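This is a predicted model, so every value here is computed, not measured. Throughout, a chain's letter reflects where its sequence line sits, starting with A, and its residues are numbered from 1.
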Amino acid sequence: MDRSFYTRDPAAVARDLLGKVIVRRLEGESLSGRIVETEAYFGGLDPASRAFRGRKNYNSVMFEQPGRIFVYMVHGWWLLNIVAHLQDEVGAVLIRALEPLEGVEHMERRREKRDVRELASGPGKLSQAFAVTKALNGLDVTQGDSELTVVAGEGEPCTISTSRRIGVTKDLPRDLRFYLGDSEFTSR
DNA sequence: AGGAAGATCTACT
DNA sequence: GTAGATCTTCCTA
C-alpha cells in the first residue's frame, strides 16, 4: 500500500483496509494477520476523535502525513491506528481486530492464551499479540522494510458489514465501524 | 491531585 | 450475558 491509499477519506480507507494483511517484524520473526475490523475517526468535528480538542503532543501524528502509525492508550491498552485523511485534513483508522496468520505461537506466548480467536479479536488484544507500543508511534507503514507494514491480501471476496463505533460515548450519527460479517475473529 | 479514556479480564448469574 | 475491578497515560483544575 503506498501513500496515496491513505490519502483519502478515513471511512473509505477503513473499509478498504479490510482483508489487507498487517506484517510485524519482531526479533527476526514475522507475525502477520488479516484485518477483519476497523473504525474511522476524523478531526475537530468528531467528538470521539483524539484530535477533537486540537493538536497536542500525544496526537500530533494524526495531523501529519497519512500512512504513519498513531498509537495511544486507553484503559491501560495501546491501540493501533494508521493515519488516513485527505491533504491538509485530520484523521485515522483504528485497527480493531485481526485474523492471525503467521507467528501464531509467538502471539499465544505474548497473550498467554491458546484459543486462536482470543489472540487479536479486539484493539487491545491485537496490540499485545503484535507487540505494539508507543515506540511505534509515527512509524511509516508504507516502507516495505519497516517494523510494521501493510500488504494486499489474497483478494478473496468478502462481505463487508457496518455499525456504529464501539465504546464511544459521543458518536457521530453515521456507521463508521467496518467489519467482515463472516469472520470469527472480530471483537464481537 | 483527580478523573476520564475508542478495553479487557474475571467471576458470577 | 452482565457487573465490577483494573490497566497507563494525558488533560484539567
Interatomic distance where [atom1] belongs to [X] and [atom2] belongs to [N] [whole Å]:
X        : N      : atom1 : atom2 : value
A/His75  : C/dT8  : NE2   : C1'   : 10 Å
A/Met73  : B/dG3  : CE    : C1'   : 16 Å
A/Lys170 : B/dA5  : NZ    : P     : 8 Å
A/Lys56  : C/dT9  : NZ    : C1'   : 14 Å
A/Arg55  : C/dC11 : CZ    : C1'   : 18 Å
A/Leu79  : C/dC10 : CG    : P     : 14 Å
A/Trp77  : C/dA5  : CH2   : P     : 18 Å
A/Arg117 : B/dT8  : CZ    : P     : 16 Å

Using a 4.0 Å heavy-atom cut-off, does [X] contact any base of the nucleic acid, only the sugar-phosphate backbone, or nothing at all?
X        : answer
A/Asn81  : base
A/Ile166 : sugar-phosphate
A/Arg50  : base

Is there a donor in the side chain of A/Asp182 and an acceptor in the side chain of A/Thr159, or the other way round, less than 3.5 Å apart?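 The answer is yes; a qualifying pair exists.
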Do A/Gln128 and A/Arg111 meet the criterion of a side-chain donor-acceptor pair at a distance under 3.5 Å?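 Short answer, yes.
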Closer than 3.5 angstrom, by distance alone: can the side chain of A/Asn59 be matched with the main-chain N or O of A/Lys56 as a donor-acceptor pair?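 Yes, the answer is positive, given that a donor and an acceptor are paired below the 3.5 Å cut-off.
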Using only atom types and a distance under 3.5 Å, with no angle test, would you say the side chain of A/Ser127 pairs donor to acceptor with the backbone of A/Trp78?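 Looks like yes, one N/O pair under 3.5 Å.
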Stretch residues 121-136 of chain A: residues that reach within less than 4.0 Å of DNA chain B through a heavy atom: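 Correct list: A/Gly122, A/Pro123, A/Gly124, A/Lys125.
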Just the dot-bracket of DNA chain C, please: which string comes out with Watson-Crick or G-U pairs under 3.5 Å, [ ] for crossing, | for another strand? ||||||.|||||.
As a test of reading the structure: which of [options] is closest to the side chain of [X], going by heavy atoms?
X        : options               : result
A/Tyr58  : C/dC11, B/dA7, B/dA5  : C/dC11
A/Lys113 : B/dC9, B/dA7, B/dA5   : B/dC9
A/Arg53  : B/dT10, B/dA7, C/dT12 : C/dT12

Rounded to the nearest 0.5 Å, how far does CD1 of A/Ile82 lie from CG of A/Leu148?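 Going from the CG atom of A/Leu148 to the CD1 atom of A/Ile82 covers 7.0 Å.
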Please determine if a side-chain N or O atom of A/Arg188 lies less than 4.0 Å away from the OP1 or OP2 oxygen of B/dA7.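 For B/dA7, OP1/OP2 do not have a side-chain N/O of A/Arg188 under 4.0 Å.
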Step by step, work out the side chain to side chain donor-acceptor pair (under 3.5 Å) result for A/Arg96 and A/Ser187. CA-CA 7 Å; A/Arg96 284 192 56 92; A/Ser187 65; 3.3 Å; yes
So that I can tick it off, tell me whether A/Arg117 and A/Glu99 are bridged by a salt bridge, with the cut-off set at under 4.0 angstrom between side-chain N and carboxylate O.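 Looking at A/Glu99 and A/Arg117, the cut-off is not met.
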So that I can tick it off, tell me whether A/Arg15 and A/Asp175 are bridged by a salt bridge, with the cut-off set at under 4.0 angstrom between side-chain N and carboxylate O.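 Salt bridge: no.
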Residue pair A/Ile69 / A/Val71: nearest heavy atoms and the distance that separates them: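 Nearest heavy atoms, A/Ile69 then A/Val71: CG2-CG2, 3.5 Å.
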A cation-pi test, strictly: NZ or CZ of A/Arg8 under 6.0 Å from the centre of the six-membered ring of A/Phe5 and no more than 45 degrees from its axis. Yes or no?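 Relative to the ring axis of A/Phe5, which defines the angle, A/Arg8 lies inside both limits.
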